[in-house]
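No hydrogens, no waters, no symmetry mates; every other heavy atom, side chains included, goes into these values.
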Amino acid sequence: MYTISNRLKIASFILMAVGALGMAIGFIGAPSTEAEALEMVASHDDGHGEGHGAAADHAGATDHGAVGHGEEHAGGGHQMSHGEHVLHQLQNRPWAALYVAAFFFFMIALGVLAFYAIQRAAQAGWSPLLFRVMEGITSYLVPGGIIMFVILVMSVLHWNHLFVWMDPEVVEHDALIQGKSGYLNGWFFLLRAAIFLGGWIVYREYSRKLSLRQDEASDNANFKLNFRISAAFLVFYLISESMMSWDWIMSVDPHWFSTLFGWYIFASMFVSGITVIAMVTIYLKSKGHLEHVNDSHIHDLAKFMFGISIFWTYLWFSQFMLIWYSNIPEEVTYYVTRIADYKLPFFGMIAMNFLFPILLLMNSDYKRINWFVIMAGIVILAGHYLDIFNAIMPATVGDQWFIGIPEIGGILFFAGLFIFWIFRALATQPLEPKRNPFIEESKHFHY
């Protein structure tokens, strides 16, 4: 039986405390007037030369509807001054940093839930020893989902300006957003979010209950029921995850859309979730637990890390290549903005999510070396944080970005909460299932 150590508890609480302080500094330090905003930009430019902050000079000329809250909306009639534009960007920054970090850790748990349901529905023989690890990680769906929903409610109530289509003044002068108002409206947006979160959490809780019941049962009825609900859940998951990616990420930039976006976000959360399964498993083994988990299990997880990284790259390139080649203004601006103002995170993300997994995990032998898998996992997770950063920041803060105290604070806070929550959940039940029909096959998994 695993017991969360005091050292791990203290470390997670310290991360949460330091992270909360960093986020608070971000909110307190946000400007309240146009003069303060322009002064902050000027001081940043003085200290860092041209940098990406200098791109503010062309902010008034950028027009793709949602960048930095949009300064000239389709249909004309509302022209935002340069100072007001910069003020909105800088005020958005702590909210965007909070949102990116909250979503990133939530999507890890959601990716693990998909992997868990797939293993259940496929009746995989190699993975039952890892089910308790997956169930521990997916326990974060409850606090993570609540936090995400609260942020979305705050957006609908105009506590922040993450979603430009929620601003009535913007909608009034934007014919394109008006045409989408049947779908993009606050209360329908929250209703969809509640349905998504409710479905994911209900499946997780019920599947976990059946998994624990199976340990004490005299037959396989609970296992078979878990198989059926997992197969049905995957249909709901694929639909709800795609719609969630449209709602929570793509709609921050409502003038742009991609039919691949749901799959693209799925690949990102799937590989991130599998990576965390591998890292948590290796940690537990280092503490003397999961004694029947062997190098072949780690090798399989590392193969998934490698394979889904290639899948993510395929989707990223398919989306980018078609949009870039067609050069349709309302589509290609999405990438023009990121290449112009986000060179380091944009190209760094591609290197970390494609080149590094190729170099680190191509060799089959390396997939069995625990510290090597951990190193590759850290790179992959950092790369997919940048993936979400690149998706959210250009539409919310424009060119006034940098990874500073608010961003680091958000990462630390949610990392601390994530670590504490999942390891506390892992400590509530034995880490090895007892009566799963495939448990012996999993124990003797070698190739």
Side-chain angles (χ1 to χ4, degrees), residues 4 8-9 11-23 26 94-116 133-152 154 162 193 196-197 200-201 204 241 244-245 247-249 252 265-281 283 305 308 312 345 349 352-353 374 377-393 403 406-426:
I4 184 171
L8 192 60
K9 283 183 184 178
S12 62
F13 290 148
I14 290 174
L15 286 174
M16 283 189 276
V18 174
L21 179 62
M23 290 191 295
W95 283 104
L98 169 67
Y99 188 69
V100 170
F103 181 83
F104 174 70
F105 284 95
F106 177 77
M107 85 171 191
I108 291 173
L110 192 56
V112 173
L113 186 70
F115 190 71
Y116 176 78
V133 174
M134 299 183 207
E135 290 165 4
I137 297 171
T138 55
S139 69
Y140 182 77
L141 287 171
V142 174
I146 291 171
I147 291 169
M148 284 298 302
F149 192 75
V150 168
I151 295 174
L152 298 178
M154 289 178 173
L162 293 174
F196 303 156
L197 290 168
W200 299 332
I201 292 172
R204 187 269 166 189
E241 183 277 332
M244 176 276 290
S245 69
D247 286 2
W248 298 2
I249 301 181
V252 297
I265 296 299
F266 168 75
S268 192
M269 67 172 59
F270 200 50
V271 71
S272 299
I274 294 168
T275 298
V276 171
I277 294 171
M279 296 173 77
V280 172
T281 300
Y283 171 81
M305 291 163 60
I308 305 302
W312 175 90
M349 168 198 74
M352 297 171 79
N353 293 339
I374 292 290
I378 292 171
V379 174
I380 289 171
L381 291 178
H384 285 283
Y385 170 83
L386 287 180
D387 190 12
I388 303 304
F389 185 91
N390 284 321
I392 298 295
M393 288 292 185
I403 297 180
E407 290 77 13
I408 294 173
I411 294 170
L412 294 179
F413 175 81
F414 285 102
L417 178 61
F418 185 82
I419 291 169
F420 172 75
W421 201 271
I422 68 170
F423 283 101
R424 184 190 64 85
L426 287 169

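Between Phe266 and Phe270, the distance from one ring center to the other falls under 6.0 angstrom.
By the 30° and 60° cut-offs, the orientation of the rings of His384 relative to Trp312 is perpendicular. Ring-plane geometry between Tyr385 and Phe104 is classed as perpendicular, the angle between the planes exceeding 60 degrees on a 0 to 90 degree scale with a lower cut at 30. Note on ring orientation: taking the six-membered ring where Trp is involved, the planes of Phe418 and Tyr140 are perpendicular (angle over 60°, cut-offs 30° and 60°). Between Phe106 and Trp200, the ring planes are tilted. Angles from 30° to 60° get that label.
When side chains are defined from C-beta on, Val142 counts as touching Ile201, because their heavy atoms get closer than 4.5 Å. Met244 has its side chain out of reach of Met148: every pair of non-hydrogen atoms, C-beta onward, lies at least 4.5 Å apart. In this structure, the side chains of Leu21 and Phe413 stay at 4.5 Å or more apart for every pair of heavy atoms. Taking 4.5 Å as the limit, some side-chain heavy atom of Leu386 sits within range of a side-chain heavy atom of Ile403. Looking at heavy atoms from C-beta onward, Met352 lies out of side-chain contact with Asp387 at the 4.5 angstrom threshold.
Residue Ile380 is tested with Val276, Val271, Ile274 for a side-chain contact (heavy atoms from CB on, under 4.5 Å); the sole match is Val271.
Between atom OG of residue Ser139 and atom CG of residue Leu113 there is a gap of 11.5 Å, rounded to the nearest 0.5 Å. Between atom CE of residue Met269 and atom OG of residue Ser245 there is a gap of 7.5 Å, rounded to the nearest 0.5 Å. Rounded to the nearest 0.5 Å, atoms CZ (Phe103) and CD1 (Ile108) are 10.5 Å apart. Atom-to-atom distance recorded for Tyr99:OH and Ile249:CD1 is 6.5 Å, nearest 0.5 angstrom. For the atom pair CE (Met305) and CD1 (Ile277), the distance works out to 10.5 Å, reported to the nearest 0.5 Å.
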For this session: Kindly determine whether Ile147 and Phe414 satisfy side-chain contact (heavy atoms from CB on, under 4.5 Å), including the steps that lead there.
Result: CA-CA 10 Å; Ile147 291 169; Phe414 285 102; 3.7 Å; yes
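A distance-only check finds a donor-acceptor pair linking the side chain of Asn390 to the backbone of Pro345 [under 3.5 Å].
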